[in-house]
Amino acid sequence: MSTETKCNPDLVRERAKCTFDVNELINLFYGSEKATKERRHFEDAVLAVKELKDAIPEEYLSHKERYENGVRKATILRDVYRDYKAKHNRDPPPNQITKAVIKDISPFLLHNGMFVPTIAGQGTPEQQAEWLPKAESMQIIGTYAQTELGHGSFIRGLETIATYDPKTEEFVLNNPTLTSFKWWPGGLGSTVNHCVVVAQLYINGKSHGIHPFIAQIRDLDTHKPLPGVKVGEIGPKMGFQTANNGFLGFDNFRIPRKNMLMKNAQVLKDGTFVKGINEKLTYGTMVMVRVGIVGDCSFYAALAATIAVRYSAVRHQSHIKASEPEAQILDYLTQQHKLFIAVASSHVYRNAYLWMEKMYTNVMKELSQDKQDNLPELHATACCLKAVCSRDAGSLVEECRLACGGHGYMASSNLPLTYGVTIAAVTYEGERTVLLLQTARYLMKAWMAALKGKVLSPSVSYLLNSLKESKKPWQNTPEGIVKGFQHVSFGKVKAAYETIQKYMKQGKDYEDAWNLASVQLVKASEAHSRAILCEVSWEAVCSSSASPNLSRVLQQLAQLYLTYWTLETSGDLLLYSNITKDDLIILRDKYEELLVAIRPNAVGLVDGFDLRDEILNSTLGSYDGRVYERLMEEALKSPLNQETVNSSFHKYLKPMMEKAKL
Ligand SMILES: CCCCCCCCCCCCCCCCCCC/C=C/C(=O)SCCNC(=O)CCNC(=O)[C@H](O)C(C)(C)COP(=O)(O)OP(=O)(O)OC[C@H]1O[C@@H](n2cnc3c(N)ncnc32)[C@H](O)[C@@H]1OP(=O)(O)O
Ligand SMILES: Cc1cc2nc3c(=O)[nH]c(=O)nc-3n(C[C@H](O)[C@H](O)[C@H](O)COP(=O)(O)OP(=O)(O)OC[C@H]3O[C@@H](n4cnc5c(N)ncnc54)[C@H](O)[C@@H]3O)c2cc1C
């Protein structure tokens, strides 16, 4: 029997309506037919491992059990990765199968995501040769320990100290205050035995700024903390329950000189400090991860959209017309308004990620040739896109959850957990406002350069164009809308700059003027991000190799994104571009037409994300649409349903009822 025949009939009908080839979309989204095949093949291999299946849903486990189960599965998954690599002589293809296995966040996330990359990016060739083979083969397990109780955003303010002792050629690590304790690093709680510790370097009483050091913190055999190390777990959070975030403090803990990662700056045996060409290169791993987070946002938006769109096709409630049967809730335009922007945004973030990945790769290549000219642009762009995409993706996931009504509130929908994980990215790897203010610094510099008529980097060159060109009449085309967002960014950058100047003319120094203008500065960075997202995604769609049928739908999605944000930020456009009220009315109508045009393809579009049921892990979103059956099946797994009468009846309820009779 084919999968289709077992499917909910609404979903069968939806799929029959689709006007494009879903497989073509899948291949385009993931790069090629070969990439799809390899990814699916790897996912199959992982899912074939029986031990990776959970007996009961994670939510019924205690905090401790959940962690232990997470570690168990992470180690099995690690074996599958290793075997694949041995067999195919290459890493497994990019995939999201960890989501199907760990469900929440892997206790190895920081090992793979930041510990290994920091050694690779910040270590000398000798250090890489020493640590990388051990780390990559999991002989050692590590994390990235930067944030402290007292400081996360302002990393120059970190208080962990590494004092160089030239007599023994060692660094002495200390956490002199409570606020200096490391707090947050994933895996630190009970999993890792090593970490990259970011600490203030002191030589002969002189501070030399923050640098990364490798410290072994637990014994490799017993896993006990080494003498001088105080380490533990920080407790339950809004999400990330299996990430095993921890705390760490050192008391005169010695590590050899070679444990300072010295690709950028060095400490020689005699204690001579050799400065790197740019001290901000020490922050390199964070830049890489910020780029990666834009890709993650695409995944989380796709996951939530798949669940909510499929559910909305299956769910019937109320009537659009009294004479007709109860409508699929997906037929309500308000529902389409809530959901289609998540589908469209996933594509936008994916294209933005691919664009950023190229920028990142180019800059890394240039840095390897000691060229740093494009590093500020990379940093500024990664900061603002990470900040805007993560916040937007969090809101989209929550909107998808709300769009599923009461059932969206069930843990088994997987939308609450997905929200907790998605929204965390607004804070980690650089808090949103703080990162937007980093971009604003860059925008202010670019603006000053534009005023002097200098050539600007590609991502901000529109500032110069907007300055030179007089504003042209508004055009209600995608290209016209992209230009409009650039005008908004231009206007906000200019206004923020002039506000700083105004305060300075009133006698304020630059820093105070900056703070007083910072709400505007943040908004300017947001507008700059929106202009990039619109431009990059529209260009990607226009240059795509898709067939005419698919291309039409992808253009509709991209136009939906542009139009949605035009309407959402119409006040800004009225203020800073030549858009008129009439243009906005035309766009409002166009937006509604786009919703209606996308509607028949809604299920096909989410099928095009190719997220299998095990990854969705949702009663509401599975391919076959057996929503109500799954909700009941999952409910029956509750431990409270494994007994007819719970002991609390005899202990509390009955005595209460009996007392009440007296
Ligand atoms: C093959 C291609 C691959 C491509 C990409 C692949 C992507 C792979 C993806 C992997 C993803 C995996 C995901 C797995 C990991 C997930 C991790 C989740 C767990 C979370 C971990 C964490 O949170 S770790 C801790 C993160 N912490 C932060 O982010 C702290 C934020 N704060 C800061 O970064 C800084 O303090 C600051 C930037 C806010 C300020 O720093 P500082 O005070 O030193 O600077 P100033 O403000 O004075 O600015 C001075 C000057 O420096 C410039 N600058 C600052 N930072 C950088 C930088 N990183 N690079 C370059 N330049 C920088 C700044 O702009 C200023 O310049 P001026 O010219 O003076 O204006
Ligand atoms: C789930 C999760 C996982 C994490 N994993 C790790 C990890 O593995 N390793 C690690 O080292 N860290 C990790 N972190 C820590 C994370 O990187 C920090 O929490 C993050 O960088 C924000 O710093 P903060 O907590 O100091 O926030 P704060 O800076 O205290 O932010 C609080 C408020 O102050 C505002 N603020 C702060 N500075 C400024 C400013 N200059 N201008 C304007 N407003 C400002 C912020 O906008 C925010 O509203 C993790 C955090 C989370 C939530």
Side-chain angles (χ1 to χ4, degrees), residues 94 98 104-106 108-118 121 142-158 160 179 182-189 192 195-198 209-210 234 237-241 243-246 248 278-296 353-354 356-365 367 372 374-383 386-387 420-421 423-446 511 514-515 518-519 521-522:
T98 309
D104 196 335
I105 296 290
S106 166
F108 294 163
L109 176 74
L110 267 287
H111 174 88
N112 297 317
M114 292 193 84
F115 181 67
V116 173
T118 305
T143 186
Y144 184 82
Q146 180 173 288
T147 307
E148 297 171 356
L149 259 179
H151 291 90
S153 293
F154 181 56
I155 50 186
R156 277 187 290 136
L158 294 177
T160 303
T179 49
K182 295 293 173 192
W183 189 273
W184 270 119
L188 184 59
V192 306
C195 48
V196 166
V197 180
V198 181
I210 56 165
I234 63 174
K237 295 139 289 182
M238 188 171 158
F240 270 60
Q241 306 305 354
N244 192 226
N245 301 88
L248 170 71
N278 179 344
E279 60 188 24
K280 300 304 173 204
L281 291 176
T282 311
Y283 299 176
T285 314
M286 290 184 280
V287 178
M288 181 206 76
V289 175
R290 286 170 195 149
V291 172
I293 288 170
V294 177
D296 285 354
Y353 165 71
L354 295 173
M356 280 250 58
E357 191 187 37
K358 267 196 211 131
M359 189 193 278
Y360 179 85
T361 310
N362 284 342
V363 174
M364 290 308 119
K365 196 168 148 210
L367 285 174
Q372 304 174 46
N374 294 316
L375 180 63
E377 184 187 31
L378 171 68
H379 167 59
T381 319
C383 279
K386 181 271 189 189
V421 169
I423 209 71
V426 179
T427 306
Y428 70 62
E429 223 53 58
E431 193 278 331
R432 174 183 157 85
T433 306
V434 170
L435 293 194
L436 288 171
L437 287 171
Q438 283 290 307
T439 309
R441 279 173 80 110
Y442 180 74
L443 291 174
M444 290 301 105
K445 282 193 175 178
E511 289 81 359
W514 175 272
N515 191 29
S518 59
V519 173
L521 286 161
V522 164

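Read the numbers this way: they start at 1 and go in the same order the structure lists the ligands and their atoms.
- With rounding to the nearest 0.5 Å, the separation of CZ in Phe240 from CD1 in Ile105 is 4.0 Å.
- Closest approach of Leu110 to Gly186, counting heavy atoms only: CB-O, 3.5 Å.
- Nearest to atom 41 (O) of ligand 1 among the protein's heavy atoms is Tyr283 CE1, 3.7 Å.
- Proximity to Val287 (heavy-atom distance under 4.0 Å) selects the following atoms of ligand 1: 59 (N).
- Protein heavy atom in closest approach to atom 58 (C) of ligand 1: His379 ND1, 3.3 Å.
- Put simply, the side chain of Thr143 never gets that close to the backbone of Ala145: no donor and acceptor are under 3.5 Å apart.
- Distances from atom 13 (C) of ligand 1 to the heavy atoms of Asn112, Val289, Thr439 show the closest one on Val289.
- Nearest protein heavy-atom neighbour of atom 30 (C) of ligand 1: Gly152 O, 3.4 Å.
- The CZ atom of Phe108 lies 10.0 Å from the CG atom of Asn244; values are rounded to the nearest 0.5 Å.
- Contact annotation: for Glu429 versus ligand 1, heavy atoms closer than 4.0 Å belong to both the backbone and the side chain.
- Using a 4.0 Å cut-off between heavy atoms, Met356 makes no contact with ligand 1 at all.
- At under 3.5 Å, a nitrogen or oxygen of Arg290, whether backbone or side chain, sits near a nitrogen or oxygen of ligand 1.
- Within the 4.0 Å heavy-atom shell around ligand 1 one does not find Gly186.
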May I have the N/O to N/O pairs between ligand 2 and the protein that fall below 3.5 Å, each with atom names and distance to one decimal?
{"unit_1": "ligand 2", "atom_1": "8 (O)", "unit_2": "Gly186", "atom_2": "N", "d": "3.1"}
{"unit_1": "ligand 2", "atom_1": "9 (N)", "unit_2": "Tyr144", "atom_2": "O", "d": "3.0"}
{"unit_1": "ligand 2", "atom_1": "11 (O)", "unit_2": "Gln146", "atom_2": "N", "d": "3.0"}
{"unit_1": "ligand 2", "atom_1": "11 (O)", "unit_2": "Thr147", "atom_2": "N", "d": "2.8"}
{"unit_1": "ligand 2", "atom_1": "11 (O)", "unit_2": "Thr147", "atom_2": "OG1", "d": "3.1"}
{"unit_1": "ligand 2", "atom_1": "12 (N)", "unit_2": "Thr147", "atom_2": "OG1", "d": "2.7"}
{"unit_1": "ligand 2", "atom_1": "23 (O)", "unit_2": "Ser153", "atom_2": "N", "d": "3.3"}
{"unit_1": "ligand 2", "atom_1": "23 (O)", "unit_2": "Ser153", "atom_2": "OG", "d": "3.4"}
{"unit_1": "ligand 2", "atom_1": "26 (O)", "unit_2": "Gly152", "atom_2": "N", "d": "3.0"}
{"unit_1": "ligand 2", "atom_1": "26 (O)", "unit_2": "Ser153", "atom_2": "N", "d": "3.2"}
{"unit_1": "ligand 2", "atom_1": "29 (O)", "unit_2": "Ser153", "atom_2": "OG", "d": "2.5"}
{"unit_1": "ligand 2", "atom_1": "47 (O)", "unit_2": "Glu431", "atom_2": "OE1", "d": "2.5"}
{"unit_1": "ligand 2", "atom_1": "47 (O)", "unit_2": "Glu431", "atom_2": "OE2", "d": "3.3"}

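- The shortest contact between atom 45 (O) of ligand 1 and any protein heavy atom is with Lys280 NZ, 3.7 Å.
- For the atom pair CZ of Phe115 and OG1 of Thr285, the computed distance is 11.5 Å after rounding to the nearest 0.5 Å.
- With ligand atoms numbered from 1 in the order given, ligand 1 contributes 2 (C) to contacts under 4.0 Å with heavy atoms of Thr361.
- Contacts of Trp514 classified as side chain to side chain contact (heavy atoms under 4.5 Å, CB included), with partners at least two apart in sequence or in another chain: Leu437, Ala440, Arg441, Met444, Ile500, Tyr510, Leu521.
- When the heavy-atom distances from atom 38 (C) of ligand 1 to Gln438, Met286, Met288 are ranked, the shortest goes to Gln438.
- Numbered from 1 in the order shown, with element, the atoms of ligand 1 that lie under 4.0 Å from a heavy atom of Lys445 read 68 (P), 69 (O), 70 (O), 71 (O).
- For Leu435 against Gly430, the heavy-atom pair with the smallest separation is CD1-O, 3.4 Å.
- Two residues are said to be in side-chain contact when any heavy atoms from C-beta on lie closer than 4.5 Å; Val434 and Phe154 fail this criterion.
- With ligand atoms numbered from 1 in the order given, ligand 1 contributes 25 (C), 26 (C), 27 (N), 28 (C), 30 (C) to contacts under 4.0 Å with heavy atoms of Gln146.
- The closest protein non-hydrogen atom to atom 42 (P) of ligand 1 is Arg156 NE, 3.4 Å.
- Residues passing the side chain to side chain contact (heavy atoms under 4.5 Å, CB included) test with Asn362: none are found, sequence neighbours excluded.
- With respect to atom 6 (C) of ligand 1, the closest heavy atom belonging to the protein is Tyr353 OH, 4.0 Å.
- Within the structure, the side-chain hydrogen bond (donor to acceptor under 3.5 Å, both in side chains) test picks out the following pairs touching residues 423-436 (sequence neighbours left out): Arg432-Glu526.
- Side-chain N/O atoms of Asn278 and Gln372 include a donor and acceptor closer than 3.5 Å.
- A pairwise comparison of heavy atoms in Gly292 and Tyr353 identifies CA-CE1, 4.1 Å as the closest pair.
- Of all the heavy atoms of Glu431, none lies under 4.0 Å from any atom of ligand 1, so neither backbone nor side chain is involved.
- Judged by distance alone, the side chain of Lys182 and the main-chain N or O of Thr147 form no donor-acceptor pair under 3.5 Å.
- Residue contact annotation: Ala382 has no non-hydrogen atom under 4.0 Å from ligand 1.
- At distances below 3.5 Å, at least one donor-acceptor pair connects side-chain atoms of Thr439 with backbone N or O atoms of Ala380.
- For the atom pair CE of Met288 and OH of Tyr360, the computed distance is 5.5 Å after rounding to the nearest 0.5 Å.
- Near Val434, with a cut-off below 4.0 Å to any heavy atom, the atoms of ligand 1 are 39 (C).
- Asp296 places none of its side-chain heavy atoms less than 4.5 Å from the side chain of Lys386.
- Of all atoms in ligand 1, listed by their number and element, those nearer than 4.0 Å to a heavy atom of Leu110 are 19 (C).
- In terms of N/O distances under 3.5 Å, ligand 1 is approached by Arg441.
- Residue Tyr428 has at least one heavy-atom neighbour below 4.0 Å for each of these atoms of ligand 1: 18 (C), 20 (C), 23 (O).
- A side-chain donor-acceptor contact under 3.5 Å links Glu148 to the backbone of Thr160.
- Closest to atom 11 (C) of ligand 1 among all protein heavy atoms lies Gly292 CA, 4.1 Å.
- Rounded to the nearest 0.5 Å, atoms OG1 (Thr381) and CE (Met356) are 5.0 Å apart.
- Shown in contact with Leu109 at under 4.0 Å from a heavy atom are these atoms of ligand 1, numbered in order with element: 14 (C), 16 (C).
- Checking Gly209, Ala243, Ser153, Gly430 against atom 33 (C) of ligand 1, the nearest heavy atom belongs to Ser153.
- Of the protein's heavy atoms, Gly113 CA, 4.4 Å lies nearest to atom 12 (C) of ligand 1.
- For Lys237, the NZ atom counts as densely surrounded, since its 6.0 Å shell holds more than 12 non-hydrogen atoms of other residues, nucleotides or ligands.
- Proximity of Ala380 to ligand 1, defined as any heavy-atom pair under 4.0 Å, is not found for any part of the residue.
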